[in-house]
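One structure is given here, and the rest of the page talks about it.
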Amino acid sequence: MEFLYTYETFKLEFPLVEPEEARFVLLGVPFDGTTSYKAGARFGPTLIRQATLNLESYILDYDLDIAELPIADIGDIAVVAGDPRETASRVRDTIEELKRANPDAIPILLGGEHSQTLGAVEALKPASYAVFDAHLDLRNSYEDNLYNHACVARRISELGVKEAMFGIRSGTREEVEFARERGIPWVHARDYSFDAFVDLLEALPEPVYLSIDIDVFDISMVPSTGTPEAGGLGFWDVVEAIEWLAEKKEIAGFDIMEVAGEKLGDPTALTAAKLLFYFIGAMAKFGR
């Protein structure tokens, strides 16, 4: 199956299926047009895919080999340089095209800056949006751009999607006030616990779109990301949350965003690749 806005790129090494037959469909978004501190997220999709070469496809925890699962990779979006809105529209159109061909597919975005999550949410129309992120991303505009990476949660909230945020440790007073006014709950990284996650997610309607901004993790694990912040979560904190979601909620889509870097084997990409494998494995092991 060919898609209007995608092109082939580096792919996972184990057997892949056609998108029409897949349960999990990877899509790279090599865009960093509004990155405001460290550039390089445009290389995220390639770095994540390359990092998977270092991983065993068999997941010890689940006694499951994801190389045996129906996974497709439809390549990368041909981005519109410097235009986050038009690029997100291409993400939206591509996922809509995929879902028409395969309504049961779970799209997985590899990014790429967080602004592009908007396109996936527009396409999938989830009832809820759960995000692990160091930042609130609730600015109305940043650097004179409504579609800046710092505005993505604000734009998603305007779609009427319920939101819950975890691992937060950076934001403005205005963002906190907006979250309070709109009833958007968030958990500071210092206060994060599995129980706090479950308390908020149990009340959210389904389906849920799950987004991971890689900067949610401790900075020692993810040194190459657009806006790194000290004081983040541990890897197993997020895996435990993914496992609960896979078992308890319908998942509309998933992404791992803000992976940057310039060298193969970057620890940020290795963290993202491992998380990708755990998401796919958890969905296969516990999902509906």
Side-chain angles (χ1 to χ4, degrees), residues 1-34 41-53 66-67 69-126 129 147 149 152 155-156 159 161 207 209-212 250-259 269 272-273 275-277 279-280 283-284:
M1 179 179 179
E2 295 184 356
F3 294 85
L4 179 60
Y5 294 117
T6 63
Y7 60 92
E8 288 197 4
T9 182
F10 187 94
K11 293 188 176 182
L12 280 65
E13 68 173 350
F14 47 78
L16 299 172
V17 302
E18 293 299 316
E20 299 93 328
E21 305 165 355
R23 185 178 182 197
F24 307 99
V25 180
L26 304 182
L27 172 63
V29 191
F31 182 84
D32 59 3
T34 74
R42 69 185 66 187
F43 305 120
T46 296
L47 291 171
I48 296 171
R49 289 185 178 102
Q50 194 279 336
T52 66
L53 300 180
I66 66 171
L69 300 177
I71 301 171
D73 188 339
I74 61 176
D76 285 354
I77 289 288
V79 306
V80 182
D83 192 334
R85 174 63 269 183
E86 182 56 33
T87 302
S89 294
R90 292 185 172 194
V91 173
R92 178 198 64 211
D93 293 349
T94 301
I95 293 177
E96 287 177 345
E97 189 178 359
L98 168 66
K99 294 294 281 187
R100 284 193 294 270
N102 182 354
D104 296 327
I106 298 175
I108 299 175
L109 263 64
L110 306 178
E113 70 170 48
H114 214 172
S115 62
Q116 298 310 299
T117 295
L118 177 62
V121 172
E122 288 175 332
L124 296 167
K125 299 179 175 60
Y129 173 72
Y147 297 98
H149 67 91
V152 61
R155 299 288 84 83
I156 290 171
L159 298 175
V161 179
Y209 185 97
L210 176 61
S211 181
I212 310 294
E250 178 186 353
I251 306 297
F254 175 68
D255 66 45
I256 305 173
M257 309 301 278
E258 295 289 348
V259 175
L275 193 68
L276 170 65
F277 277 24
F279 173 78
I280 294 173
M283 289 296 296

Practice item. Enumerate the residue pairs fulfilling side-chain hydrogen bond (donor to acceptor under 3.5 Å, both in side chains) with a member in residues 84-99, sequence neighbours excluded, ordered by first and then second residue. Key: R85-S89, R85-E122
Review point. side-chain hydrogen bond (donor to acceptor under 3.5 Å, both in side chains): which pairs involve residues 1-15, sequence neighbours left out?
Key: none
Which atom pairs, one a donor and one an acceptor, fall under 3.5 Å between side chains of residues 19-27 and the rest of the protein, sequence neighbours left out?
from: R23; atom 1: NH1; to: M283; atom 2: O; distance (Å): 3.3
from: R23; atom 1: NH2; to: M283; atom 2: O; distance (Å): 3.4
from: R23; atom 1: NH2; to: R288; atom 2: O; distance (Å): 3.4

Check your understanding: Considering the options M257, E113, Q116, which one meets the side-chain contact (heavy atoms from CB on, under 4.5 Å) requirement together with H149?
Key -> E113
Exercise for review: Check salt bridge (charged side-chain N to carboxylate O under 4.0 Å, His left out) between R42 and all other residues, then give those that pass, not counting sequence neighbours.
Suggested key: D32
**Study point:** Pairing residues for D255 by the salt bridge (charged side-chain N to carboxylate O under 4.0 Å, His left out) criterion, not counting sequence neighbours
**Key:** none
[atom1] of [X] to [atom2] of [Y]: how many Å apart, nearest 0.5 Å?
| X | Y | atom1 | atom2 | answer |
| --- | --- | --- | --- | --- |
| I106 | L98 | CD1 | CG | 11.0 Å |
| I48 | L110 | CD1 | CG | 4.5 Å |
| D73 | I71 | CG | CD1 | 9.5 Å |
| F254 | I108 | CZ | CD1 | 7.0 Å |
| F31 | D76 | CZ | CG | 14.0 Å |

Practice item. Not counting sequence neighbours, which residues clear side chain to side chain contact (heavy atoms under 4.5 Å, CB included) with I156? List them please. Key: T117, L118, V121, Y129, V152, V161, E163
